Amino acid sequence: MAVNDTSGFFPPPFTSLETFSFYIKVRDGQTTAVPYICGIGFVTNLVSLIVFVQPNLRRSSCGVYLASKSVSDLVFLLTVLIVWLTRVDIKIFFTSGVCQTVIFCSYLSSFVSIWLAVVLTVENLLCFIRPMLFKTYCNATSALLITIFIDVVGIGIYQLSTWNNGIGNFFEIPPDSQKQLNAMERNKIEVQNEVQTRLSDNLHLFNETVVNMERKIEVNISGQLYEGICTHLEIYADYILIMTYIDTLLTIIIPIVILAVTNAAIAIIACRTSRRTRVRNRASTSNNNSKATLVKSRLTAAELEARACKFLFMVSMTILVFHTPSHVIRLTTLFSFGWLEVVLQRLFETLLYLHYVINFIVYIIFGDKFRQVLLAIINTQK
């Protein structure tokens with residue numbers, strides 16, 4: 001999913017002045033929130049990266065995947081911040097070279113991040129249903145190779161964005177003029193209704209009145225041509241359409257379905273395992289002390305494994321919860337593009353950005369090893 005912001009250049013199809021004003025408030029709220037989210041996200045993902053590359057964690061496949069995900073998340077947040085700068089009149093995004101690089105990096109980082117989450121979730125399921133295969137094949141080396149493979153595939157797909165995007169021109173209706181347009185359109189409708197009511201038999205006068213209203217609108221509403229905007233190039237419109245559908249399939253439909261199905265399977269298996277563990281606990285109390293000690297040690301190992309699986313489950317569920325709304329509304333806008341979809345898109349975009357802060361909280365709460373390594377790093381700095 002590429003980061004882009006054309007809200008200021010193509011006013012969406014608002015049906016009234018009230019809906020347009022509501023959208024402006026939502027957009028202004030997002031404009032205020034984004035730099036704070038990015039700032040906190042930079043810090044938390046950098047700390048996460050430092051923790052995951054420590055010897056205790058980088059030897060596991062989970063550590064490799066989450067370290068790589070921290071890097072891709074940092075890149076994505078940087079693209080969000082660069083695009084946000086255009087809202088405060090720092091238009092580095094509208095520079096040739098920067099435009100293409102930012103769009104490419106946003107596509108690639110989104111692709112890498114979501115597929116690393118998918119691989120983590122599949123590995124977590126494998127740990128439940130085939131623990132021996134998990135121990136044999138799910139290691140740091142295989143994780144590194146899979147991460148490189150995902151990166152190469154992403155680069156191969158999204159390099160298209162480096163040449164089918166560029167600097168172009170847009171015609172903007174300024175917000176004040178948009179408000180005037182909405183108000184005058186309402187006046188036009190009122191005049192039409194009034195003329196129809198009073199002079200239904202005089203079609204000539206009716207048409208003349210409507211034409212006068214349209215001319216009045218044209219005179220009062222003036223737009224402005226903006227040059228040098230980062231956008232899709234019209235000559236590659238067919239390629240861009242194909243790429244949009246490919247990106248939708250690869251970063252929305254397939255990953256979300258896999259995450260949903262896999263997490264549901266993990267939840268069902270975990271419930272069954274929990275019941276079996278309670279039965280074993282009751283059985284262990286009726287055995288002699290030596291057998292009870294052996295059973296207790298086995299249960300402790302199983303509990304540690306269960307905590308690791310719970311950690312990965314919460315990581316993937318967080319991604320599913322925070323990403324799904326934005327992706328669903330993005331799919332909706334391919335078929336319906338009204339004012340409600342535009343407003344929801346802004347709200348869900350902000351929710352998606354929040355994920356890059358929330359994931360650190362998930363690591364702290366559910367990641368025992370992560371928490372231990374982080375505390376060790378803090379203590380060594382004192």
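If you're wondering where the values come from, they're calculated on a predicted model, not measured in any experiment.
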Take Ile253 and Thr248, measure what side chain to side chain contact (heavy atoms under 4.5 Å, CB included) needs, and give me the verdict at the end.
-> CA-CA 6 Å; Ile253 299 176; Thr248 300; 4.2 Å; yes
Before giving the answer on side chain to side chain contact (heavy atoms under 4.5 Å, CB included), spell out for Ile329 and Leu347 the whole-Å C-alpha distance, their side-chain angles and the decisive distance to 0.1 Å.
-> CA-CA 10 Å; Ile329 198 65; Leu347 292 172; over 6 Å; no
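By the 6.0 Å contact criterion, CZ on Phe22 is open, its count of non-hydrogen atoms from other residues, nucleotides or ligands being 12 or less.
Residues Thr251 and Tyr107 are not in side-chain contact: their nearest non-hydrogen atoms beyond the backbone lie 4.5 Å or more apart. Side chains of Tyr158 and Asp247 form a contact here, defined as non-hydrogen atoms less than 4.5 Å apart. Between Trp84 and Pro35 the shortest side-chain heavy-atom distance falls below 4.5 Å. The shortest side-chain heavy-atom distance between Ile319 and His355 falls under the 4.5 Å cut-off. Taking 4.5 Å as the limit, every side-chain heavy atom of Tyr245 sits out of range of all side-chain heavy atoms of Leu249. Between Leu78 and Leu74, the closest side-chain pair of non-hydrogen atoms is not below 4.5 Å. Side-chain contact check for Cys230 versus Ile103: some heavy-atom pair is nearer than 4.5 Å. Under the 4.5 Å side-chain criterion, counting only non-hydrogen atoms from C-beta, Lys369 is not in contact with Asn56.
The two residues Arg346 and Thr350 make their nearest non-hydrogen contact at O-OG1, 3.0 Å. Val321 approaches Leu351 most closely through the heavy-atom pair O-CD2, 4.5 Å. Minimum interatomic distance between Val98 and Ile92 (heavy atoms only, all atoms of both residues): CG1-O, 3.3 Å. For the pair Val112 and Ile150, the tightest heavy-atom approach, listed with the atom from each and the gap, is CA-CG2, 4.0 Å.
Under 4.0 Å is where a charged nitrogen must lie from a carboxylate oxygen, and between Lys25 and Asp28 no such pair does.
Remark: of the listed residues Ser109, Ser106, Ser110, Ser109 is the sole one forming a side-chain contact (heavy atoms from CB on, under 4.5 Å) with Val75. For the side-chain contact (heavy atoms from CB on, under 4.5 Å) criterion with Cys105, the lone passing option out of Val102, Thr101, Leu108 is Thr101.
With 3.5 Å as the limit, one finds no donor-acceptor pair spanning the side chains of Ser161 and Gln100. Looking only at atom types and distance, the side chain of Ser316 has a donor-acceptor partner in the side chain of Asn263 under 3.5 Å away. Side chains of Ser70 and Asp73: no donor on one and acceptor on the other come within 3.5 Å. Between the side chains of Gln30 and Arg87, at least one donor N or O sits under 3.5 Å from an acceptor N or O.
Taking CZ from Phe322 and CG from Leu352, the interatomic distance works out to 9.5 Å, rounded to the nearest 0.5 Å. Atom CE of Met317 and atom CG of Leu320 lie 5.5 Å apart (nearest 0.5 Å). Rounding to the nearest 0.5 Å gives a distance of 9.5 Å between CZ of Phe313 and OG1 of Thr121. Atom OH of residue Tyr137 and atom CD1 of residue Ile146 lie 12.5 Å apart, to the nearest 0.5 angstrom. If you take OH on Tyr356 and CD1 on Ile358, they are separated by 13.0 Å, rounding to the nearest 0.5 Å. Remark: Leu77 CG to Tyr353 OH distance equals 9.5 Å, nearest 0.5 Å.
Ring-plane geometry between Phe370 and Phe52 is classed as tilted, the angle between the planes lying from 30 to 60 degrees on a 0 to 90 degree scale.
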